[in-house]
Protein chains: 2
Amino acid sequence: MLDDLDRRLLEILIKDSRTSLKDLAQQVGLSSPSVAERLRRLEDRGVIRAFTVEIDPQALGYTLQAIVRIRPLPGKLHIVQKLIEEIAEFGECDKVTGDDCFVARLFVRSIGDLDKLLDRIADKAETSTAIIKAQPIRRRPPPLAATAISNP
Amino acid sequence: MLDDLDRRLLEILIKDSRTSLKDLAQQVGLSSPSVAERLRRLEDRGVIRAFTVEIDPQALGYTLQAIVRIRPLPGKLHIVQKLIEEIAEFGECDKVTGDDCFVARLFVRSIGDLDKLLDRIADKAETSTAIIKAQPIRRRPPPLAATAISNP
DNA sequence: AGGCGTCGGTCCAGATCGTCCAGCATTTGA
DNA sequence: TCAAATGCTGGACGATCTGGACCGACGCCT
């Protein structure tokens, strides 16, 4: 799926996606046109979804994050989903099996904002909210290695 | 906090962090040294946490994702946290208020792997797992605007 | 008001980088 | 066995980045 060089390139880019082709080339021992070609193919294959920038929500004033479990009332599923998508403070939302239909992450600047935003869903769904106290693991990609499972 | 130019730069970089300084400069109407300087400051201030690459777990064979709520048994909190951090398939973990101590995201290649990984925690914590069926919102940053709250 | 420091900007030139192309080695498949 | 395909390299050339000199706006102090 990925060869060793691809993995090394990705690992470097995960740390700094603005690394120049020349640097990448040096670090993996290829020429820069080869690296350019490999990156192009990784994008084509969809392995690289995007080169992007990770922004610190705190630095923007979002001092609070919450995980919200959302159970739409009967018949309200689509309205609720649309609402969630439209509220930009939802930074992530997964539709899951089980009682809770959605699990979402909410960025807010204050408890007041949290309350205001949840109020906009309150008449269409039951929610339960857990405030995030710490982030032992911040978003990271899955292991790149081809092997089956994390070292046992 | 951020001025309009900063916001525009960030928006461009969120879409493609490899955009050249020259392009950035053109798009916001500055010279490229000024843009370089602004980016440097955004990094210094911690607004930009990293330039990185978004990888598609599916393209790597991780066809399954799950949200796992984890409630360590009495006295096991730290051991459990350490264990979670060490298992690379955990792609995210938040420590939250409420009964569930941790909420984590797990990337796996099969239901079998899911079971194997959860087994490694099973004797130290209660877990409840929800399989992700769809992702209405994939990871996105909070709104960059300085205004209080999403359009009401 | 005038002087001065700072901040953020421009312009320019030398250094660095990316891209295109021709050519070569290795692998693949008919 | 040979032809085509693949993946790489090196070099040339154009594009981009970087650092320095300089400039204007602004706020502050005297």
Side-chain angles (χ1 to χ4, degrees), chain A residues 1-63 109 141-147, chain B residues 1-62 141-147:
Chain A
M1 186 130 256
L2 296 187
D3 69 12
D4 192 51
L5 292 173
D6 288 332
R7 269 190 292 274
R8 283 163 66 195
L9 290 173
L10 288 176
E11 256 149 30
I12 298 165
L13 289 170
I14 287 167
K15 289 196 214 106
D16 178 9
S17 63
R18 286 182 74 82
T19 308
S20 70
L21 293 180
K22 197 198 166 214
D23 276 6
L24 289 166
Q26 267 171 216
Q27 292 186 54
V28 304
L30 284 180
S31 65
S32 56
S34 312
V35 171
E37 178 61 14
R38 276 171 180 269
L39 296 191
R40 204 190 52 67
R41 282 196 321 253
L42 287 168
E43 281 195 77
D44 280 359
R45 285 199 274 156
V47 175
I48 293 179
R49 198 134 60 185
F51 295 95
T52 187
V53 74
E54 194 188 320
I55 290 174
D56 182 0
Q58 291 243 113
L60 262 44
Y62 296 91
T63 49
R109 299 196 212 246
L144 304 181
T147 76
Chain B
M1 188 130 253
L2 296 188
D3 69 12
D4 192 52
L5 292 174
D6 288 331
R7 269 190 293 275
R8 283 163 65 196
L9 290 173
L10 288 177
E11 256 148 31
I12 298 166
L13 290 170
I14 287 168
K15 289 195 214 106
D16 179 9
S17 64
R18 286 183 74 82
T19 308
S20 71
L21 293 179
K22 193 200 167 213
D23 277 6
L24 289 166
Q26 267 170 217
Q27 292 186 53
V28 306
L30 283 181
S31 65
S32 57
S34 315
V35 171
E37 179 60 15
R38 275 173 181 267
L39 296 191
R40 204 191 50 69
R41 282 194 320 255
L42 286 168
E43 282 195 77
D44 278 0
R45 285 200 273 155
V47 175
I48 294 179
R49 199 134 59 186
F51 295 95
T52 187
V53 74
E54 194 187 319
I55 289 174
D56 182 0
Q58 293 243 114
L60 261 45
Y62 296 90
L144 304 181
T147 76

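None of these values were measured; they are calculated from a predicted model. In what follows, chains carry the letters A, B, and so on, assigned in the order in which the sequence lines appear, proteins first and then strands, with residues in each chain numbered from 1.
- Remark: the A:Ser17 side chain and the B:Ser17 side chain contain an N/O donor-acceptor pair separated by less than 3.5 Å.
- With hydrogens and angles ignored, the 3.5 Å screen pairs no side-chain donor or acceptor of A:Thr19 with any backbone N or O of A:Leu13.
- For the residue pair B:Arg49 and A:Pro57, the shortest heavy atom distance occurs at NH2-CD, 3.8 Å.
- In this structure, B:Tyr62 OH and B:Asp56 CG are separated by 12.5 Å, a value rounded to the nearest 0.5 Å.
- Distance check, rounded to the nearest 0.5 Å: CZ of B:Arg18 to CD of A:Glu43 gives 9.0 Å.
- Rotation axes derived from the C1' atoms of the five outermost pairs at either end of the helix from C:dA1-D:dT30 to C:dA30-D:dT1 lie 30° apart, to the nearest 10°.
- Considering CG of A:Asp6 and CG of A:Leu144, their distance stands at 10.0 Å, rounded to 0.5 Å.
- The distance between atom CG of B:Asp44 and atom P of C:dC7, rounded to the nearest whole Å, is 13 Å.
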Under 3.5 Å between N/O atoms: give me all the protein pairs with nucleotides 7-12 of chain D, atom names plus distance.
residue: D:dC8; atom: OP1; partner: A:Arg38; partner atom: NE; Å: 3.1
residue: D:dC8; atom: OP1; partner: A:Arg38; partner atom: NH2; Å: 2.6
residue: D:dT9; atom: OP2; partner: A:Ser31; partner atom: N; Å: 2.7
residue: D:dT9; atom: OP2; partner: A:Ser31; partner atom: OG; Å: 2.5
residue: D:dT9; atom: OP2; partner: A:Ser34; partner atom: OG; Å: 2.7

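- For the atom pair CZ of A:Arg45 and CZ of A:Arg41, the computed distance is 7.0 Å after rounding to the nearest 0.5 Å.
- As a whole-Å value, the separation of B:Leu39 CG from C:dG8 P is 14 Å.
- At a non-hydrogen distance threshold of 4.0 Å, A:Ser20, A:Leu21, A:Lys22 from residues 8-22 of chain A come into contact with DNA chain C.
- Ion pair B:Arg8/B:Glu11 not flagged as a salt bridge, since none of the NZ, NE, NH1 or NH2 atoms sits closer than 4.0 Å to an Asp/Glu carboxylate oxygen.
- Note on B:Arg7 versus B:Asp3: no salt bridge recorded, every NZ/NE/NH1/NH2 to OD/OE distance being 4.0 Å or above.
- Between the side chain of A:Thr63 and the main chain of A:Arg109, a donor-acceptor pair closer than 3.5 Å is present.
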